[in-house]
Amino acid sequence: NPAFDGWVLEMDLLYQVHRAAKGLQPLKLTIQNNEKTWPAGRVYFFDAVGDVDAAFIIDVGTWLIPTKFNQGGYDLVGIFPGLKAVFVQVTRSDNHDIKCIYVHEMMVHLVSWGVLQMEFYFVRPGDKVN
């Protein structure tokens with residue numbers, strides 16, 4: 001079942017983020033055949049973007065994770081050095097809808113907090129990368 005496989009992939013990435021935030025392991029991903037270590041310091045769950053406290057999230061390594069699954073915009077947002085936000089969408093599918101309203105809402109808040117650089121990554125299992 002592809003939908004279930006995608007859900008398992010997403011839960012695995014969230015688990016890896018939690019372990020990295022606790023200092024149990026580095027958060028490593030392979031991007032275009034290069035292994036990258038992403039910062040991970042703490043995890044912040046939120047229901048609505050307006051609930052996120054800017055003073056809390058601006059630290060490098062903070063991961064923002066919406067509690068509403070299937071909102072369609074992104075699965076998590078990380079704060080990287082240089083106040084760069086990295087949006088991550090996890091999928092096993094060959095294509096994936098992005099509901100830009102959710103991404104835009106978060107971008108507006110991030111810019112108001114001083115974040116001026118943003119990147120977007122799709123995380124897929126190694127056998128599905130093209």
Side-chain angles (χ1 to χ4, degrees):
N1 180 340
F4 180 75
D5 290 348
W7 182 83
V8 170
L9 179 65
E10 180 180 345
M11 292 303 107
D12 181 62
L13 178 61
L14 294 177
Y15 175 70
Q16 302 304 323
V17 169
H18 279 282
R19 287 183 52 82
K22 291 180 179 179
L24 300 174
Q25 69 184 41
L27 180 58
K28 293 186 176 189
L29 286 92
T30 302
I31 301 170
Q32 298 178 339
N33 295 322
N34 295 314
E35 187 173 83
K36 304 276 185 181
T37 300
W38 282 3
R42 58 182 157 177
V43 176
Y44 186 90
F45 290 95
F46 65 94
D47 288 325
V49 172
D51 296 339
V52 179
D53 180 0
F56 184 81
I57 69 108
I58 294 303
D59 292 336
V60 170
T62 297
W63 286 92
L64 306 170
I65 302 173
T67 55
K68 296 177 184 174
F69 288 96
N70 298 325
Q71 72 176 11
Y74 53 89
D75 291 314
L76 57 162
V77 180
I79 305 301
F80 281 47
L83 291 181
K84 176 172 62 174
V86 173
F87 287 78
V88 179
Q89 177 65 58
V90 180
T91 185
R92 191 181 184 311
S93 176
D94 290 335
N95 53 45
H96 194 287
D97 291 337
I98 298 278
K99 294 184 179 106
C100 293
I101 188 167
Y102 298 110
V103 175
H104 179 262
E105 181 183 23
M106 179 57 88
M107 285 178 159
V108 167
H109 278 77
L110 291 168
V111 168
S112 74
W113 301 330
V115 174
L116 297 177
Q117 298 178 50
M118 296 177 209
E119 294 180 1
F120 206 103
Y121 287 88
F122 286 90
V123 173
R124 302 180 72 199
D127 66 330
K128 297 295 285 182
V129 175
N130 48 355

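- A single hydrophobic cluster is not seen to contain both L64 and Y15; linkage of ILVMFWY side chains at heavy-atom distances under 4.5 Å, directly or through other members, places them apart.
- The CE atom of M118 lies 12.0 Å from the NZ atom of K84; values are rounded to the nearest 0.5 Å.
- Heavy-atom minimum distance, V60 versus P39: CG1-CB, 3.9 Å.
- Atom CG of L13 sits about 8.0 Å away from atom CG of D75, to the nearest 0.5 Å.
- Note on V108: it does not cluster hydrophobically with I79, by side-chain heavy-atom contacts below 4.5 Å among ILVMFWY residues.
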For side chain to side chain contact (heavy atoms under 4.5 Å, CB included), just list the numbers for F87 and M107, CA-CA rounded to whole Å, side-chain angles, deciding distance to a tenth of an Å, and then say yes or no. CA-CA 10 Å; F87 287 78; M107 285 178 159; 3.9 Å; yes
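- For the residue pair P26 and A20, the shortest heavy atom distance occurs at C-CB, 4.1 Å.
- H104 has its ring centre no less than 6.0 Å from the ring centre of Y74.
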Kindly indicate, with the supporting measurements, whether the criterion side chain to side chain contact (heavy atoms under 4.5 Å, CB included) is fulfilled by V77 and V88. CA-CA 6 Å; V77 180; V88 179; over 6 Å; no
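- In this pair, F120 and F122 present their aromatic rings tilted. The plane angle is within the 30 to 60° band.
- For the atom pair NZ of K22 and CD of Q25, the computed distance is 11.5 Å after rounding to the nearest 0.5 Å.
- With L29 as the partner, the side-chain contact (heavy atoms from CB on, under 4.5 Å) test is satisfied by one option alone out of N34, V123, T37: V123.
- Separation of the Y121 and W38 ring centroids falls under the 6.0 Å cut-off.
- Note: D5 CG to E10 CD = 13.0 Å, rounded to the nearest 0.5 Å.
- L24 and L27 are assigned to two separate hydrophobic clusters, defined by single-linkage of ILVMFWY side chains at heavy-atom distances under 4.5 Å.
- The aromatic rings of H18 and F45 sit parallel, their planes meeting at an angle under 30°, below the 60° perpendicular limit.
- Surrounding CD1 of I101 are at most 12 heavy atoms belonging to other residues, nucleotides or ligands under 6.0 Å away.
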